[in-house]
Amino acid sequence: MVRDKTIVLGVTGSIAAYKAVELASKLTQEGARVDVVMTKAAQQFVTPLTFRTITGRPVASEMFDLASEFSIEHVALAERADLVVIAPATANVIAKLAAGIADDVLTCTVLDTKAPVIVAPAMHANMYQNRITQENIARLKERGFVFVGPGYGRLATGEVGPGRLAELDDILGTIRQVLGREGDLAGRRIVVSAGGTQELIDPVRHIGNRSSGKMGYAIAEAARDRGASVVLVSAPTALAPPAGVEVVQVQTALQMRDAVLKASAKADALLMAAAVSDYRPKAAARKKIKKEVETLSLELVRNPDILAEARGDLIRVGFAAESEDVVENARKKLEGKNLDLIVANDITASDSGFGADTNRVIIIDRQGKVESLPLLPKLEVAHRILDKVVALLSG
Ligand code: PMT
């Protein structure tokens with residue numbers, strides 16, 4: 001998404017300006033051409049030399065810089081930009097943008113550009129909550145500006161409240177989402193499930209499995225980056241919710257069924273990467289079970305098969321975590337659940353399947369075509385699966 005794109009990174013006068021250095025660095029490492037524009041106030045916190053060194057590109061800060069490589073700085077930047085990101089954005093710059101004021105390189109560039117603009121506010125909580133700031137933000141949103149954050153937490157003053165610059169992963173996720181708006185899944189609604197369901201035994205114990213959610217989250221992010229509107233139905237995981245994705249948190253298989261069936265009613269595709277417990281205790285004890293007997297039996301009942309129940313005009317992709325006869329067992333699931341595709345993981349290897357950052361999968365389609373992918377990062381696996389979903393969606 002980011003490679004070879006020109007991103008104008010506007011940095012304004014906030015203590016969070018130092019975080020923009022890491023953002024510039026990450027974008028540069030991902031292959032973007034990052035043109036940093038700094039306001040005068042921003043230069044009180046970080047120097048242009050820092051950004052110049054990180055991005056390897058000139059930093060714009062003066063409206064009338066005779067040494068600049070651009071003829072008229074802001075016009076050139078505005079034209080070249082695929083995206084403008086203002087991070088951190090102070091209450092002052094937000095107010096200026098809302099009023100159409102153009103009195104420095106950054107505000108001139110924003111007023112001049114046809115590229116999308118992402119704004120990541122950072123300021124004191126009172127300034128953020130002030131009605132004037134809220135009205136300015138609402139006005140900019142109406143005009144298509146995309147806001148990310150602010151986060152809630154400890155501010156530079158030591159107080160706790162809203163006003164922290166959004167986490168870098170959220171800003172990066174929003175950048176990918178905005179750049180991918182016209183992707184091959186634009187206008188599509190994709191539902192993804194992730195993580196391992198937890199079936200309650202009593203208030204403190206559950207039956208669970210080793211799914212980390214990484215595969216499902218990667219699919220959700222990849223689909224978002226290709227322009228889809230994504231609903232991620234997630235069983236408990238340690239992962240941060242991806243930016244720009246609607247996340248529905250569930251715990252049990254029954255809750256996952258309700259959430260998936262609701263979300264997929266209007267969906268184009270459902271990808272069930274979750275490891276759903278096949279059984280649940282017949283009844284969860286209301287109080288903690290005491291250690292009073294030598295042996296304890298739990299009566300388990302079958303959980304509904306979510307994929308099989310998700311009928312309708314949508315592409316359905318299942319996953320199979322197998323430890324033997326991988327292709328044969330996956331094929332049986334594909335047929336049994338009448339799926340369009342099944343993605344089989346061999347879970348016997350430590351670098352693939354549960355918990356790993358990489359996966360080695362075999363994709364099998366309805367016609368019986370089998371494609372084995374090499375060991376790849378889960379995000380890359382996600383894109384390969386989505387390539388197939390895109391092909392199926394386009395008939
Ligand atoms: O989360 P990670 O750590 O990244 O690991 C990823 C993964 C290994 C969990 C994932 O890639 C995976 O393989 N998920 C499916 C796990 C599985 O074994 O599923 P299954 O064979 O029990 O079910 C087959 C398919 O039916 C799955 O798509 C499952 O989501 C779905 N299913 C299963 C049971 C049920 N009651 N309802 C369902 O819809």
Side-chain angles (χ1 to χ4, degrees), residues 190-199 207-222 232-239 242 250-264 267 269-280 300-312 314-364 373 375-382 384-386 389:
I190 306 286
V191 180
V192 183
S193 72
T197 61
Q198 298 179 347
E199 310 302 323
I207 299 173
N209 62 66
R210 289 176 43 227
S211 170
S212 65
K214 287 179 185 172
M215 191 63 243
Y217 276 56
I219 297 169
E221 285 176 26
L232 173 63
V233 180
S234 177
T237 72
L239 305 174
V250 297
Q251 184 177 17
T252 65
L254 292 181
Q255 290 167 358
M256 182 169 275
R257 176 183 67 169
D258 290 350
V260 165
L261 295 185
K262 187 169 169 218
S264 51
L270 166 64
L271 295 96
M272 284 285 299
V276 184
S277 179
D278 290 319
Y279 293 90
R280 67 177 185 279
L300 303 179
V301 293
R302 274 292 284 268
N303 270 327
D305 191 311
I306 304 170
L307 256 178
E309 280 190 25
R311 297 276 163 206
L314 80 171
I315 304 296
R316 291 179 312 128
V317 181
F319 279 71
E322 303 294 343
S323 48
E324 56 189 337
D325 301 329
V326 177
V327 173
E328 207 33 55
N329 285 331
R331 206 177 255 139
K332 278 187 198 146
K333 285 179 186 167
L334 174 102
E335 284 161 12
K337 296 176 194 246
N338 192 25
L339 304 175
D340 295 282
L341 290 176
I342 192 144
V343 183
N345 335 238
D346 180 351
I347 52 161
T348 55
S350 60
D351 55 5
S352 135
F354 290 103
D357 290 328
T358 47
N359 210 357
R360 191 182 285 104
V361 303
I362 301 167
I363 306 177
I364 307 169
L373 298 184
L375 186 71
L376 292 169
K378 280 184 173 165
L379 189 62
E380 184 60 37
V381 173
R384 301 287 192 98
I385 297 165
L386 289 174
V389 171

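Computed over heavy atoms, backbone and side chain alike; hydrogens, waters and symmetry mates excluded. Remember, it's 1-based here, ligands and their atoms both numbered in the order they're listed.
In summary, of the residues considered (Leu339, Ile219, Leu307), a side chain to side chain contact (heavy atoms under 4.5 Å, CB included) with Phe319 occurs for Ile219 alone.
Considering only non-hydrogen protein atoms, atom 36 (N) of ligand 1 sits nearest to Pro304 O, 2.8 Å. For atom 6 (C) of ligand 1, the nearest non-hydrogen atom of the protein is Met215 CB, 3.7 Å. Annotation: atom 37 (N) of ligand 1 to nearest protein heavy atom, Ile306 N, 3.0 Å. Atom 27 (C) of ligand 1 has its closest protein heavy atom at Phe319 O, 3.0 Å. In this structure, the protein non-hydrogen atom closest to atom 28 (O) of ligand 1 is Met272 O, 2.7 Å. For atom 39 (O) of ligand 1, the nearest non-hydrogen atom of the protein is Leu307 N, 2.9 Å.
Of the N or O atoms in Ala356, none lie within a sub-3.5 Å distance of an N or O in ligand 1. Residue Lys378 has at least one nitrogen or oxygen atom sitting less than 3.5 Å from a nitrogen or oxygen atom of ligand 1, judged on distance alone. Residue contacts with ligand 1: Lys333 is placed with a nitrogen or oxygen under 3.5 Å of a nitrogen or oxygen of the ligand (distance criterion only). Taking only nitrogen or oxygen atoms, main chain and side chain alike, Lys337 reaches within less than 3.5 Å of ligand 1. Close N/O approach between Val317 and ligand 1 is not found [any backbone or side-chain N/O within under 3.5 Å]. At under 3.5 Å, a nitrogen or oxygen of Ala273, whether backbone or side chain, sits near a nitrogen or oxygen of ligand 1. Looking at ligand 1, you won't find any N or O of Ala275 less than 3.5 Å from one of its N or O atoms. For ligand 1, the polar-atom distance check against Ser212 finds a nitrogen or oxygen pair separated by under 3.5 Å. Distances between N or O atoms of Gly195 and those of ligand 1 include no value under 3.5 Å. Residue Ser211 has at least one nitrogen or oxygen atom sitting less than 3.5 Å from a nitrogen or oxygen atom of ligand 1, judged on distance alone.
In this view, Thr348 and Asp346 satisfy the side-chain hydrogen bond (donor to acceptor under 3.5 Å, both in side chains) rule, not counting sequence neighbours. Remark: Ser234 engages Tyr217 in a side-chain hydrogen bond (donor to acceptor under 3.5 Å, both in side chains) (not counting sequence neighbours).
Ser193 is not listed as a side-chain neighbour of Ile306, based on a closest heavy-atom distance of 4.5 Å or more. The shortest distance between side-chain heavy atoms of Asn209 and Phe354 falls below 4.5 Å. In this structure, the side chains of Met215 and Val343 stay at 4.5 Å or more apart for every pair of heavy atoms. Looking at heavy atoms from C-beta onward, Thr197 lies out of side-chain contact with Thr252 at the 4.5 angstrom threshold. Residues Arg316 and Arg311 form a side-chain contact, since some pair of their non-hydrogen atoms from C-beta on lies under 4.5 Å apart. The shortest side-chain heavy-atom distance between Pro304 and Leu254 falls under the 4.5 Å cut-off. Between Ile342 and Arg331, every side-chain heavy-atom pair lies at or beyond the 4.5 Å cut-off. For the pair Val233 and Lys262, the minimum side-chain heavy-atom distance is 4.5 Å or more.
Distances below 4.0 Å separate heavy atoms of Gly318 from the following atoms of ligand 1: 28 (O). Ligand 1 places these atoms under 4.0 Å from at least one heavy atom of Gly355: 2 (P), 3 (O). Ligand 1 places these atoms under 4.0 Å from at least one heavy atom of Lys214: 1 (O), 2 (P), 4 (O).
For Asn345 (side chain) and Glu322 (main-chain N/O), no donor-acceptor pair under 3.5 Å exists by modelled atom type.
With distances taken over non-hydrogen atoms, the option nearest atom 22 (O) of ligand 1 out of Asn345, Asn329, Asp278, Val343 is Asp278. Here the shortest heavy-atom distance to atom 16 (C) of ligand 1, taken over Ala218, Ala321, Ser277, belongs to Ala321.
Neither the backbone nor the side chain of Ala308 has any atom closer than 4.0 Å to an atom of ligand 1 (non-hydrogen atoms only). Of all the heavy atoms of Ala274, the ones lying under 4.0 Å from any atom of ligand 1 belong exclusively to the backbone.
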When you look at Leu300 and Glu199, which way does the side-chain contact (heavy atoms from CB on, under 4.5 Å) test go after all the steps?
CA-CA 10 Å; Leu300 303 179; Glu199 310 302 323; over 6 Å; no
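Considering all non-hydrogen atoms of both residues, Ala356 and Ser350 come closest at CB-O, 3.8 Å.
Gly213 counts as a contact of ligand 1, since one of its heavy atoms falls under 4.0 Å from the ligand.
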